[in-house]
2 protein chains.
Amino acid sequence: MSIRNQIRKGSTEMVLLTLLQQRPMYGYEISQEMTRLGDGYFEMKEGLLYPTLHRLQKEGLLTSQWQETENDRRRKYYTITAAGRERLKEQAQEWQTFMGKLQEIINSA
Amino acid sequence: MSIRNQIRKGSTEMVLLTLLQQRPMYGYEISQEMTRLGDGYFEMKEGLLYPTLHRLQKEGLLTSQWQETENDRRRKYYTITAAGRERLKEQAQEWQTFMGKLQEIINSA
DNA sequence: CAATATACATTAGTAAATTAGGTATTAGGC
DNA sequence: GCCTAATACCTAATTTACTAATGTATATTG
(Lines give C-alpha, C1' and ligand atoms only; values in the text may rest on other atoms or scores of the structure.)
Protein backbone atom coordinates (compact mmCIF):
# COMPACT_ATOMS: atom_id res chain seq x y z
CA MET A 1 0.00 0.00 0.00
CA SER A 2 1.25 3.48 -0.86
CA ILE A 3 2.40 5.79 1.92
CA ARG A 4 -0.41 8.18 1.13
CA ASN A 5 -3.07 5.51 1.32
CA GLN A 6 -1.63 4.19 4.53
CA ILE A 7 -1.62 7.63 6.11
CA ARG A 8 -5.17 8.40 5.08
CA LYS A 9 -6.46 5.34 6.91
CA GLY A 10 -8.52 6.14 9.91
CA SER A 11 -9.38 9.65 8.79
CA THR A 12 -12.35 8.63 6.65
CA GLU A 13 -14.95 8.90 9.37
CA MET A 14 -13.90 12.36 10.47
CA VAL A 15 -13.62 13.76 6.97
CA LEU A 16 -17.04 12.35 6.06
CA LEU A 17 -18.68 13.84 9.13
CA THR A 18 -16.99 17.19 8.57
CA LEU A 19 -18.29 17.43 5.01
CA LEU A 20 -21.80 16.52 6.05
CA GLN A 21 -21.75 19.03 8.85
CA GLN A 22 -21.42 21.78 6.25
CA ARG A 23 -24.47 20.61 4.31
CA PRO A 24 -26.35 17.42 3.38
CA MET A 25 -24.73 15.71 0.43
CA TYR A 26 -25.20 12.58 -1.66
CA GLY A 27 -22.65 9.86 -2.18
CA TYR A 28 -21.36 10.76 -5.59
CA GLU A 29 -21.09 14.39 -4.57
CA ILE A 30 -19.11 13.45 -1.46
CA SER A 31 -16.76 11.36 -3.53
CA GLN A 32 -16.06 14.31 -5.86
CA GLU A 33 -15.71 16.73 -2.99
CA MET A 34 -13.22 14.50 -1.18
CA THR A 35 -10.99 14.33 -4.21
CA ARG A 36 -11.26 18.06 -4.88
CA LEU A 37 -10.63 19.17 -1.30
CA GLY A 38 -7.50 17.24 -0.55
CA ASP A 39 -5.63 17.09 -3.88
CA GLY A 40 -6.13 13.33 -3.77
CA TYR A 41 -5.17 12.92 -0.14
CA PHE A 42 -8.74 12.13 0.81
CA GLU A 43 -9.84 10.28 -2.27
CA MET A 44 -12.30 7.60 -1.22
CA LYS A 45 -13.10 4.62 -3.40
CA GLU A 46 -16.75 3.72 -3.77
CA GLY A 47 -16.13 0.34 -2.19
CA LEU A 48 -15.23 2.19 0.99
CA LEU A 49 -17.52 5.21 0.73
CA TYR A 50 -20.88 3.48 0.47
CA PRO A 51 -20.31 0.87 3.16
CA THR A 52 -19.03 3.61 5.47
CA LEU A 53 -22.09 5.80 4.88
CA HIS A 54 -24.31 2.81 5.64
CA ARG A 55 -22.39 2.05 8.81
CA LEU A 56 -22.56 5.63 10.06
CA GLN A 57 -26.29 5.69 9.41
CA LYS A 58 -26.68 2.43 11.31
CA GLU A 59 -24.76 4.00 14.21
CA GLY A 60 -27.22 6.89 14.21
CA LEU A 61 -24.68 9.51 13.15
CA LEU A 62 -26.38 10.12 9.79
CA THR A 63 -29.85 9.93 8.30
CA SER A 64 -30.66 9.62 4.60
CA GLN A 65 -33.38 10.84 2.26
CA TRP A 66 -33.95 9.88 -1.38
CA GLN A 67 -34.50 12.78 -3.74
CA GLU A 68 -35.36 13.05 -7.41
CA THR A 69 -33.74 15.73 -9.53
CA GLU A 70 -35.48 17.51 -12.44
CA ASN A 71 -33.59 15.27 -14.88
CA ASP A 72 -34.77 12.07 -13.28
CA ARG A 73 -31.63 11.16 -11.35
CA ARG A 74 -32.14 9.59 -7.95
CA ARG A 75 -29.85 10.78 -5.21
CA LYS A 76 -29.60 9.68 -1.63
CA TYR A 77 -28.81 12.67 0.54
CA TYR A 78 -27.11 12.13 3.88
CA THR A 79 -27.69 14.48 6.80
CA ILE A 80 -25.66 14.57 9.99
CA THR A 81 -27.51 14.00 13.27
CA ALA A 82 -26.92 15.49 16.72
CA ALA A 83 -25.04 12.32 17.65
CA GLY A 84 -22.99 12.77 14.49
CA ARG A 85 -21.99 16.27 15.53
CA GLU A 86 -21.00 14.99 18.93
CA ARG A 87 -18.86 12.29 17.39
CA LEU A 88 -17.27 14.80 15.06
CA LYS A 89 -16.32 17.02 17.97
CA GLU A 90 -14.60 14.08 19.66
CA GLN A 91 -12.85 13.04 16.47
CA ALA A 92 -11.57 16.52 15.70
CA GLN A 93 -10.31 16.88 19.26
CA GLU A 94 -8.50 13.56 19.15
CA TRP A 95 -6.98 14.36 15.77
CA GLN A 96 -5.72 17.68 17.06
CA THR A 97 -3.99 16.02 19.97
CA PHE A 98 -2.60 13.23 17.86
CA MET A 99 -1.22 15.63 15.26
CA GLY A 100 0.42 17.68 18.00
CA LYS A 101 2.14 14.60 19.38
CA LEU A 102 3.21 13.47 15.95
CA GLN A 103 4.59 16.91 15.19
CA GLU A 104 6.64 16.78 18.39
CA ILE A 105 8.06 13.44 17.37
CA ILE A 106 8.87 14.60 13.86
CA ASN A 107 10.52 17.76 15.16
CA SER A 108 12.56 15.89 17.75
CA ALA A 109 14.40 14.08 14.95
CA MET B 1 -12.55 0.42 17.81
CA SER B 2 -11.76 3.52 19.85
CA ILE B 3 -11.25 6.81 18.04
CA ARG B 4 -7.69 6.97 19.29
CA ASN B 5 -6.82 3.54 17.96
CA GLN B 6 -8.42 4.34 14.65
CA ILE B 7 -6.47 7.56 14.31
CA ARG B 8 -3.16 5.98 15.18
CA LYS B 9 -3.42 3.50 12.33
CA GLY B 10 -1.00 4.10 9.54
CA SER B 11 1.45 6.05 11.66
CA THR B 12 3.30 3.02 12.99
CA GLU B 13 5.97 2.88 10.34
CA MET B 14 6.86 6.55 10.57
CA VAL B 15 6.95 6.63 14.35
CA LEU B 16 9.13 3.50 14.43
CA LEU B 17 11.60 4.91 11.92
CA THR B 18 11.72 8.24 13.75
CA LEU B 19 12.59 6.59 17.05
CA LEU B 20 15.30 4.48 15.48
CA GLN B 21 16.77 7.48 13.71
CA GLN B 22 17.57 8.94 17.12
CA ARG B 23 19.43 5.84 18.29
CA PRO B 24 19.43 2.05 17.92
CA MET B 25 16.87 0.46 20.23
CA TYR B 26 15.53 -2.98 21.04
CA GLY B 27 11.91 -4.06 20.78
CA TYR B 28 10.87 -3.89 24.39
CA GLU B 29 12.54 -0.50 24.73
CA ILE B 30 10.70 0.80 21.68
CA SER B 31 7.43 -0.41 23.09
CA GLN B 32 8.04 1.48 26.35
CA GLU B 33 9.24 4.58 24.56
CA MET B 34 6.18 4.66 22.30
CA THR B 35 3.85 4.60 25.27
CA ARG B 36 5.87 7.20 27.16
CA LEU B 37 6.26 9.63 24.26
CA GLY B 38 2.69 9.92 23.17
CA ASP B 39 0.64 9.59 26.38
CA GLY B 40 -0.77 6.41 24.94
CA TYR B 41 -1.41 7.81 21.49
CA PHE B 42 1.34 5.69 20.01
CA GLU B 43 1.04 2.60 22.14
CA MET B 44 1.96 -0.39 20.01
CA LYS B 45 0.95 -3.93 20.89
CA GLU B 46 3.65 -6.57 20.61
CA GLY B 47 1.64 -8.43 18.00
CA LEU B 48 2.10 -5.42 15.76
CA LEU B 49 5.53 -4.24 16.87
CA TYR B 50 7.58 -7.37 16.23
CA PRO B 51 6.07 -8.29 12.86
CA THR B 52 6.55 -4.67 11.75
CA LEU B 53 10.21 -4.63 12.82
CA HIS B 54 10.77 -7.86 10.88
CA ARG B 55 9.04 -6.45 7.82
CA LEU B 56 11.08 -3.25 7.88
CA GLN B 57 14.27 -5.25 8.21
CA LYS B 58 13.23 -7.42 5.27
CA GLU B 59 12.63 -4.25 3.26
CA GLY B 60 16.16 -3.14 4.06
CA LEU B 61 15.11 -0.15 6.17
CA LEU B 62 16.54 -1.63 9.39
CA THR B 63 19.30 -3.99 10.44
CA SER B 64 19.47 -5.90 13.72
CA GLN B 65 22.18 -7.07 16.13
CA TRP B 66 21.81 -9.33 19.15
CA GLN B 67 23.43 -8.09 22.34
CA GLU B 68 23.90 -9.56 25.79
CA THR B 69 23.56 -7.36 28.88
CA GLU B 70 25.52 -7.78 32.10
CA ASN B 71 22.55 -9.50 33.73
CA ASP B 72 22.23 -12.08 30.98
CA ARG B 73 19.30 -10.61 29.09
CA ARG B 74 19.41 -10.94 25.33
CA ARG B 75 18.28 -7.93 23.36
CA LYS B 76 17.94 -7.46 19.63
CA TYR B 77 18.93 -3.93 18.72
CA TYR B 78 17.55 -2.39 15.54
CA THR B 79 19.51 0.21 13.58
CA ILE B 80 18.11 2.36 10.80
CA THR B 81 19.78 2.11 7.37
CA ALA B 82 20.33 4.77 4.72
CA ALA B 83 17.25 3.46 2.89
CA GLY B 84 15.37 3.74 6.18
CA ARG B 85 16.30 7.40 6.51
CA GLU B 86 15.16 8.00 2.95
CA ARG B 87 11.84 6.36 3.65
CA LEU B 88 11.45 8.37 6.83
CA LYS B 89 12.00 11.60 4.92
CA GLU B 90 9.23 10.65 2.49
CA GLN B 91 6.89 9.60 5.28
CA ALA B 92 7.42 12.77 7.29
CA GLN B 93 6.84 14.88 4.18
CA GLU B 94 3.62 13.06 3.35
CA TRP B 95 2.39 13.34 6.92
CA GLN B 96 3.10 17.06 6.95
CA THR B 97 1.05 17.59 3.81
CA PHE B 98 -1.75 15.35 5.00
CA MET B 99 -1.96 17.10 8.36
CA GLY B 100 -2.08 20.47 6.63
CA LYS B 101 -4.99 19.36 4.48
CA LEU B 102 -6.79 17.84 7.43
CA GLN B 103 -6.31 21.01 9.42
CA GLU B 104 -7.87 23.02 6.60
CA ILE B 105 -10.85 20.72 6.57
CA ILE B 106 -11.27 20.88 10.33
CA ASN B 107 -11.00 24.67 10.32
CA SER B 108 -13.47 25.04 7.48
CA ALA B 109 -16.21 23.57 9.68
C1' DC C 1 -25.23 5.83 -31.35
C1' DA C 2 -21.13 5.15 -28.78
C1' DA C 3 -18.48 6.89 -25.09
C1' DT C 4 -18.42 9.28 -20.93
C1' DA C 5 -20.43 10.94 -16.78
C1' DT C 6 -23.74 10.45 -13.15
C1' DA C 7 -25.46 7.69 -9.33
C1' DC C 8 -26.29 3.84 -6.62
C1' DA C 9 -24.31 -0.55 -4.81
C1' DT C 10 -21.89 -5.32 -3.73
C1' DT C 11 -18.28 -9.00 -3.67
C1' DA C 12 -13.65 -10.90 -3.35
C1' DG C 13 -9.26 -10.28 -1.90
C1' DT C 14 -5.42 -7.86 0.68
C1' DA C 15 -3.02 -5.51 4.37
C1' DA C 16 -2.72 -3.85 8.98
C1' DA C 17 -4.09 -4.21 13.31
C1' DT C 18 -5.94 -6.57 17.65
C1' DT C 19 -6.43 -10.49 20.67
C1' DA C 20 -4.56 -14.03 22.74
C1' DG C 21 -1.48 -16.81 23.46
C1' DG C 22 3.75 -19.00 24.13
C1' DT C 23 8.86 -19.29 25.92
C1' DA C 24 12.47 -17.96 28.99
C1' DT C 25 14.91 -15.29 32.43
C1' DT C 26 15.32 -11.79 36.33
C1' DA C 27 13.82 -8.96 40.28
C1' DG C 28 11.28 -8.13 44.30
C1' DG C 29 8.09 -9.15 48.10
C1' DC C 30 6.68 -12.29 51.62
C1' DG D 1 12.17 -20.95 48.64
C1' DC D 2 8.01 -19.45 46.14
C1' DC D 3 4.93 -16.39 43.78
C1' DT D 4 4.08 -12.38 41.08
C1' DA D 5 5.54 -8.85 38.14
C1' DA D 6 8.73 -7.23 34.94
C1' DT D 7 11.88 -7.95 31.13
C1' DA D 8 12.48 -9.69 26.50
C1' DC D 9 11.62 -12.22 22.53
C1' DC D 10 7.99 -14.16 19.37
C1' DT D 11 3.71 -16.30 16.59
C1' DA D 12 -1.11 -17.70 15.22
C1' DA D 13 -5.95 -16.65 14.71
C1' DT D 14 -9.14 -13.34 13.98
C1' DT D 15 -11.10 -8.77 12.87
C1' DT D 16 -11.25 -4.49 10.44
C1' DA D 17 -10.36 -1.16 6.85
C1' DC D 18 -9.31 -0.71 2.58
C1' DT D 19 -8.64 -1.66 -2.66
C1' DA D 20 -9.88 -3.76 -6.98
C1' DA D 21 -13.19 -5.30 -9.71
C1' DT D 22 -17.72 -5.52 -11.01
C1' DG D 23 -22.74 -4.63 -11.72
C1' DT D 24 -27.04 -1.89 -12.73
C1' DA D 25 -29.35 2.03 -14.64
C1' DT D 26 -30.00 6.59 -16.69
C1' DA D 27 -28.35 11.18 -18.83
C1' DT D 28 -25.28 13.87 -21.55
C1' DT D 29 -22.20 14.90 -25.20
C1' DG D 30 -19.79 14.59 -29.53
Q | Distance below 4.0 Å between B/Lys45 side-chain N/O and C/dA17 OP1 or OP2 | A |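 For C/dA17, OP1/OP2 do not have a side-chain N/O of B/Lys45 under 4.0 Å.
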task: Could you check whether B/Thr12 gets within reach of a base, just the sugar-phosphate, or nothing at all, counting any heavy atom under 4.0 Å?
output: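 B/Thr12: backbone/sugar contact only, no base atoms under 4.0 Å.
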Partners passing side chain to side chain contact (heavy atoms under 4.5 Å, CB included) against A/Leu19 (at least two apart in sequence or in another chain):
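A/Leu19: side chain to side chain contact (heavy atoms under 4.5 Å, CB included) contacts with A/Gln22, A/Met25, A/Ile30, A/Glu33, A/Met34, A/Leu37.
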Q.
Going by the rule side chain to side chain contact (heavy atoms under 4.5 Å, CB included), which residues pair with A/Thr79 if we only count those two or more places apart in sequence or in a different chain?
A.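 Partners of A/Thr79 under the side chain to side chain contact (heavy atoms under 4.5 Å, CB included) test: A/Pro24, A/Thr63, A/Gln65.
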Do any N or O atoms from the side chain of B/Gln32 and from the backbone of B/Glu29 form a donor-acceptor pair under 3.5 angstrom?
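Side chain of B/Gln32 to backbone of B/Glu29, a donor-acceptor pair under 3.5 Å: no, none is there.
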Backbone N or O of B/Leu48 within a donor-acceptor pair of the B/Thr52 side chain at under 3.5 Å?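 Yes.
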Original post:
Do any pairs count as a salt bridge (charged side-chain N to carboxylate O under 4.0 Å, His left out) and have a residue in residues 42-54 of chain A, sequence neighbours left out, and if so which ones?
Top reply: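 Residue pairs with at least one partner in residues 42-54 of chain A: there are none.
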- Task: Would you mind telling me which of A/Thr12, A/Thr81, A/Leu62 makes a side chain to side chain contact (heavy atoms under 4.5 Å, CB included) with A/Leu56?
- Result: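 Result for side chain to side chain contact (heavy atoms under 4.5 Å, CB included) with A/Leu56: A/Leu62.
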Per-nt protein contacts along nucleotides 4-11 of chain C (heavy atom under 4.0 Å; B base, S backbone sugar-phosphate only, - none) come out as -BBBBBB-
Look at A/Arg75 together with A/Glu68 and state whether they make a salt bridge at an N to O cut-off of under 4.0 Å.
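Answer for the salt bridge query: no.
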TODO: Mind jotting down which residue pairs meet the ring-ring contact (aromatic ring centres under 6.0 Å, His included) criterion with at least one end in residues 40-66 of chain B? Sequence neighbours excluded, please.
DONE: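 As it turns out, the ring-ring contact (aromatic ring centres under 6.0 Å, His included) pairs with a partner in residues 40-66 of chain B, which skip direct neighbours, are A/Phe98-B/Phe42.
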Parsed dot-bracket for DNA chain D after applying the Watson-Crick and G-U rules with both distances under 3.5 Å and | for other-strand partners is ||||||||||||||||||||||||||||||
